[in-house]
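Working notes for the structure below.
Worth saying up front: this structure is predicted, and the values here are computed from it rather than measured. Residue numbers begin at 1 in each chain, while the letters A, B, ... track the order of the sequences.
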Number of protein chains: 2
Amino acid sequence: MKLGKLTDSPKVRRYDDACGTAHALDLIGERWALLVMRELMLGPKRFNDIRADLPGISANVLTQRLAGLEASGLLQRRKLPPPAYAQVYELTDWGYEAEPIVCSLGRWAARSPAHDPTLPISASSIMLSFRTMFDAQRAKGFEAVILFRLGGESFTARIADARLVITRGESESVNVTFTGSPIALAGAVYGGQPLDALDAAHALKTEGDHAMAERFTTLFPLPPKVGQS
Amino acid sequence: MKLGKLTDSPKVRRYDDACGTAHALDLIGERWALLVMRELMLGPKRFNDIRADLPGISANVLTQRLAGLEASGLLQRRKLPPPAYAQVYELTDWGYEAEPIVCSLGRWAARSPAHDPTLPISASSIMLSFRTMFDAQRAKGFEAVILFRLGGESFTARIADARLVITRGESESVNVTFTGSPIALAGAVYGGQPLDALDAAHALKTEGDHAMAERFTTLFPLPPKVGQS
DNA sequence: CGGCATCCGGGAAGATACTG
DNA sequence: CAGTATCTTCCCGGATGCCG
């Protein structure tokens, strides 16, 4: 039997630096930490759902990150009311305020020559990327409600007044429904793959107003890769 | 004699994730990487100067980070022309584009209850923090050129038209000169310490127009800590 | 099934010493 | 000054197993 030192100094490896950026890295600089927060950006999730959307993370590390983020005040564990009872992890208000960080990182790295968009992507990731890459100019005069069914998770995007609002869950009066995998949706929006080809390949089913669906896929221009133009 | 495997896959630990945020962490998610970039945000530096401003980093790790960032296309090594000859590290254009990330991280983490502003801070950090926290409203109608001499490094801040421009180096027609340590300057701007007290303590010398100096210190309001109002 | 503790192997980070 | 070499420590990732 071994008893962990009671005086166990937390032994956290910190940057002893008053700079806010350095402190941010103390909070979310550990491996996986920011991706865990990304997965929670669109609403609370349970342990195994986070884990499933972060291929490569071990249960071990996920437990540590959740505990660390909770101790920092960035997320809370919450028991769902009956009849669900399940325990979920939910960002605090301050945690949600990290969204600009996630988005600016994503926008910046999209210019990387080494970025490989064919890798797997989670549902939360691509919905967040829409918030990041949305071009208000291109959306002028466009009004639509788009429903996404991505492997068990549903999201609704509402576009009006050149603004985009994305929420978790289904919705009424939907103009377009996309059903399929996040990667196929990414192919349509970012890879320039035609919707009918994806439909024919049974990768992404498009239902509803196809003109609106086509227009939707044009609203998220990628920044130019470095070294180009 | 040992021969490293030629087929040695770089063995970089990557997130296999198409999400831009995840790719950003592949690029700058390693420990110290973003702080190295922060130190270069205001202009090129040489190895030992970066090292001196990042207390805690070992030469070993700094070498690795510089090599990694160079391989990713985020910085370049450059030989200064005669008579300096020294080798310096300089961010590429794309590297400089990471400034919004550094700033949004800093602004977000400034709300943390665990943030300790009494820790040491580098000259680059505090000059960058001015860019981050600058409040254009408060600067309306204020015009000033402020020179900072912070332990061997000089920076100039120009405020006009409710805009702030910070550059490395000295300048002509200066209204105010601050001379001292970065931490003392932080005390004045963020800690509410009176300039004359800092001057009396020989921590920060203020020369020139003291009214302008006082006003300058009010232009950088900190966001409220979480849990407060 | 969901959440967490434990053990282990490999590799990254930290500290120090050394070299051109 | 600008790194390299070496050694130690600790974190990450994987597997297993406990417990509600």
Side-chain angles (χ1 to χ4, degrees), chain A residues 1-5 8-17 22 25-26 28-36 39 44-71 75-80 83-90 152, chain B residues 1-2 4-5 8-17 22 25-26 28-36 39-40 44-70 75 77-80 83-90 152:
Chain A
M1 150 181 197
K2 77 172 169 216
L3 38 123
K5 291 182 292 182
D8 208 299
S9 54
K11 250 346 174 220
V12 285
R13 196 148 55 180
R14 254 171 298 199
Y15 302 102
D16 287 317
D17 193 319
L25 295 174
D26 286 337
I28 53 167
E30 283 175 309
R31 191 164 165 78
W32 293 108
L34 195 60
L35 296 186
V36 170
E39 286 304 316
K45 277 191 178 184
R46 49 174 84 183
F47 189 94
N48 279 343
D49 290 335
I50 302 171
R51 195 180 169 189
D53 283 335
L54 291 177
I57 197 173
S58 62
N60 192 349
V61 171
L62 181 53
T63 299
Q64 289 177 46
R65 289 302 163 271
L66 290 170
L69 294 173
E70 184 183 16
L75 66 77
Q76 299 169 330
R77 11 178 26 112
R78 201 157 59 80
K79 267 253 185 289
L80 247 41
Y85 290 113
Q87 181 176 244
V88 295
Y89 297 86
E90 178 172 32
Chain B
M1 152 185 188
K2 74 175 169 215
K5 290 182 293 182
D8 208 301
S9 53
K11 251 339 173 226
V12 284
R13 196 150 54 180
R14 254 170 298 202
Y15 301 102
D16 287 318
D17 193 318
L25 295 174
D26 286 337
I28 54 167
E30 283 174 309
R31 191 164 166 77
W32 293 109
L34 195 60
L35 296 185
V36 170
E39 286 305 314
L40 298 176
K45 278 190 178 184
R46 48 174 80 182
F47 189 93
N48 278 346
D49 290 334
I50 301 172
R51 196 180 170 191
D53 283 335
L54 291 178
I57 198 173
S58 63
N60 196 349
V61 171
L62 181 53
T63 300
Q64 290 178 45
R65 287 305 161 270
L66 290 170
L69 293 172
E70 184 182 16
L75 65 79
R77 14 179 21 118
R78 201 159 58 83
K79 266 252 186 289
L80 247 40
Y85 290 112
Q87 180 176 246
V88 294
Y89 296 86
E90 178 172 31

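What separates CG of A/Leu69 from P of C/dG3 is a distance of 15 Å, to the nearest Å. When rounded to the nearest whole Å, the span between CZ of B/Arg31 and C1' of C/dG11 equals 16 Å. Going from atom CG of A/Leu66 over to atom P of C/dC4 covers 8 Å, rounded to whole Å. The CH2 atom of A/Trp32 sits 15 Å away from the C1' atom of D/dC11 (whole-angstrom rounding). In this structure, B/Gln64 atom CD and D/dT6 atom P are separated by 15 Å, rounded to whole Å. C/dA13 atom C1' lies 10 Å from atom CD1 of B/Ile57, rounded to whole Å. As rounded to whole Å, 11 Å separates atom P of D/dG3 from atom CZ of B/Arg51. Summarising the geometry, the separation between CD1 on A/Ile50 and P on C/dC4 is reported as 11 Å, rounded to the nearest angstrom.
OP1 or OP2 of C/dG3 lies within a sub-4.0 Å distance of a side-chain N or O belonging to A/Gln87. Neither OP1 nor OP2 of D/dG13 sits under 4.0 Å from any side-chain N or O of A/Arg65. An OP1 or OP2 oxygen of D/dC10 is reached within less than 4.0 angstrom by no side-chain nitrogen or oxygen of A/Arg13. The phosphate of D/dG3 (OP1 or OP2) has a side-chain N or O of B/Arg77 nearer than 4.0 angstrom. A sub-4.0 Å separation between OP1 or OP2 of D/dG13 and a side-chain N or O of B/Tyr15 is absent.
Annotation: cation-pi geometry satisfied between B/Arg31 and A/Tyr15 (NZ/CZ under 6.0 angstrom from ring centroid, within 45° of ring axis).
Not a single donor-acceptor contact under 3.5 angstrom links the side-chain atoms of B/Asn48 to the base of D/dG3. In the interface, the side chain of A/Asn60 is not paired with the base of D/dT16 through any donor and acceptor atom under 3.5 Å apart.
The side chain of A/Phe47 lies closest to C/dG3, out of D/dT4, D/dG13, C/dG3. Side-chain proximity of A/Ala59 to D/dG14, D/dG3, C/dC4: nearest is C/dC4. Among the nucleotides C/dA13, D/dT4, D/dA2, the one closest to any side-chain atom of B/Ala86 is D/dA2.
Between B/Lys45 and B/Asp53 there is a salt bridge, with a side-chain nitrogen of the basic residue lying less than 4.0 Å from a carboxylate oxygen of the acidic one.
For the atom pair B/Tyr89 OH and B/Leu75 CG, the distance stands at 8.5 Å (nearest 0.5 Å). In this structure, the separation between CG on B/Leu25 and CH2 on A/Trp32 is 10.0 Å, given to the nearest 0.5 Å. The distance from the CG atom of A/Leu35 to the CD1 atom of A/Ile28 is 10.0 Å, given to the nearest 0.5 Å.
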